Amino acid sequence: MTQKISLSRYLVEQQRIDGRIPPQLRLLLEVVARACKSISHAVNKGALGGVLGTASTENVQGEVQKKLDIIANEVLIEANEWGGHLAAMASEEMDGIYVVPNRYPQGEYLLLFDPLDGSSNIDVNVSIGTIFSVLKKPDDTPGVSEADFLQAGNKQVAAGYCVYGPQTTLVLTVGDGVAMFTLDREQGSFVLSEENIRIPEDTKEFAINMSNMRHWDDPVKRYIDECLQGKEGLRGKDFNMRWIASMVADVHRILTRGGIFMYPWDKRDPDKPGKLRLMYEANPMSWLIEQAGGAATNGHQRMLDLQPTKLHERVSVVLGSKNEVERVTAYHLDAARKKAA
Ligand code: P6P
């Protein structure tokens, strides 16, 4: 029987191989994994746990919070604040950063998360998840401030998500490929189920919310029209469409079998670059996708090179199978050149 490799053993062995996971980062990742187990438990209770439905509050995004949004946020804060590995945290569900209280030791890492992504799916029993990103606190400034979080995605030292679906699966990168861990509920631990994940460079599957088609910019319309023309059209092949409206679930499918995911800018709110958030949705997912051989842009440039200016800033997202993302990005650049001419 093949020996089960726990998350803890994987992290220790990775540290031995390439030193990418110093003890404090290993502690951080194990604490986040334990918090995801608790969130999975709360999610799985559903109606029996009195955790469905909305709270009477809104988050900084102006979205009505689900009870589980708040529960998941509290679980991550309480699990991580005392360990001494963090200086501060930032969350989709909190306006400002959460500085580790003085009663606990401060660490060198910054943790950012969307505690429960896809929460519109909670009440209809569709997969949702937690997305997290880890940065190092700049050591040139005393204390910690929001400005310390404003680092490009290429500065991440770890990124991942936990998808709460038929299985609870933790997906992680520290810059040396992507590994998946499935929660073994009998043991109560995450067990390595796949590593060195690779995304096919081509695909026949796209993920986008088609109801927004009339609002899209021309390059996106051009790309999707070509997909819809199928094998009789320019692409010479038929495409399939998926849209779970839960980024974690859509990205997990792409990491598992390829595809392209798009949440582009649209004309509904021209001043908004996109719906998804750069720091704790697009950046961690983009690093995972790149580490698995895919590509990720905002339609014009590499996602991980974008320099954030605000903690909760939004961005247009195109990620997945490399050749498809490059095609969509090329269409955007073509359009920009024609506009400039
Ligand atoms: P729409 C979930 O609310 C989320 O932030 C992402 O997880 C998901 O991809 C997107 O929004 C869905 O947006 O407009 O299709 O409901």
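Atoms within each ligand, like the ligands themselves, are counted from 1 in listed order. Everything numeric here is computed off the predicted structure, so don't read it as measured data. FYI, the numbering just counts along the sequence from 1.
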A.B. asks: At what distance, to the nearest 0.5 angstrom, does CD of Glu30 lie from CG of Leu25?
C.D. replies: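 Rounded to the nearest 0.5 Å, the CD-CG separation comes to 10.0 Å.
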
A.B. asks: Kindly compute the distance separating CG (Asp117) from OG (Ser127), expressed to the nearest 0.5 Å.
C.D. replies: 11.5 Å

A.B. asks: Between CD1 of Ile254 and OG of Ser321, what distance do you get to the nearest 0.5 Å?
C.D. replies: 7.0 Å

A.B. asks: Should the pair Glu226-Arg222 be classified as a salt bridge under the 4.0 Å nitrogen-to-oxygen rule?
C.D. replies: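 Salt bridge present between Glu226 and Arg222.
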
A.B. asks: Rounded at 0.5 Å granularity, tell me how far CD in Gln151 sits from CG in Asn283.
C.D. replies: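 Going from the CD atom of Gln151 to the CG atom of Asn283 covers 10.5 Å.
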
A.B. asks: Considering only N or O atoms, set out every pair between ligand 1 and the protein closer than 3.5 Å, with distances to one decimal place.
C.D. replies:
{"unit_1": "ligand 1", "atom_1": "7 (O)", "unit_2": "Asp117", "atom_2": "OD1", "d": "2.8"}
{"unit_1": "ligand 1", "atom_1": "7 (O)", "unit_2": "Asp117", "atom_2": "OD2", "d": "3.0"}
{"unit_1": "ligand 1", "atom_1": "7 (O)", "unit_2": "Met247", "atom_2": "N", "d": "2.7"}
{"unit_1": "ligand 1", "atom_1": "9 (O)", "unit_2": "Met247", "atom_2": "N", "d": "3.4"}
{"unit_1": "ligand 1", "atom_1": "11 (O)", "unit_2": "Lys275", "atom_2": "NZ", "d": "3.1"}
{"unit_1": "ligand 1", "atom_1": "13 (O)", "unit_2": "Lys275", "atom_2": "NZ", "d": "3.0"}
{"unit_1": "ligand 1", "atom_1": "14 (O)", "unit_2": "Tyr263", "atom_2": "OH", "d": "2.7"}
{"unit_1": "ligand 1", "atom_1": "15 (O)", "unit_2": "Asn209", "atom_2": "ND2", "d": "2.8"}
{"unit_1": "ligand 1", "atom_1": "15 (O)", "unit_2": "Trp243", "atom_2": "NE1", "d": "2.9"}

A.B. asks: Show the numbers, then the answer: is there a side-chain hydrogen bond (donor to acceptor under 3.5 Å, both in side chains) between Asp95 and His312?
C.D. replies: CA-CA 8 Å; Asp95 298 10; His312 298 291; over 6 Å; no

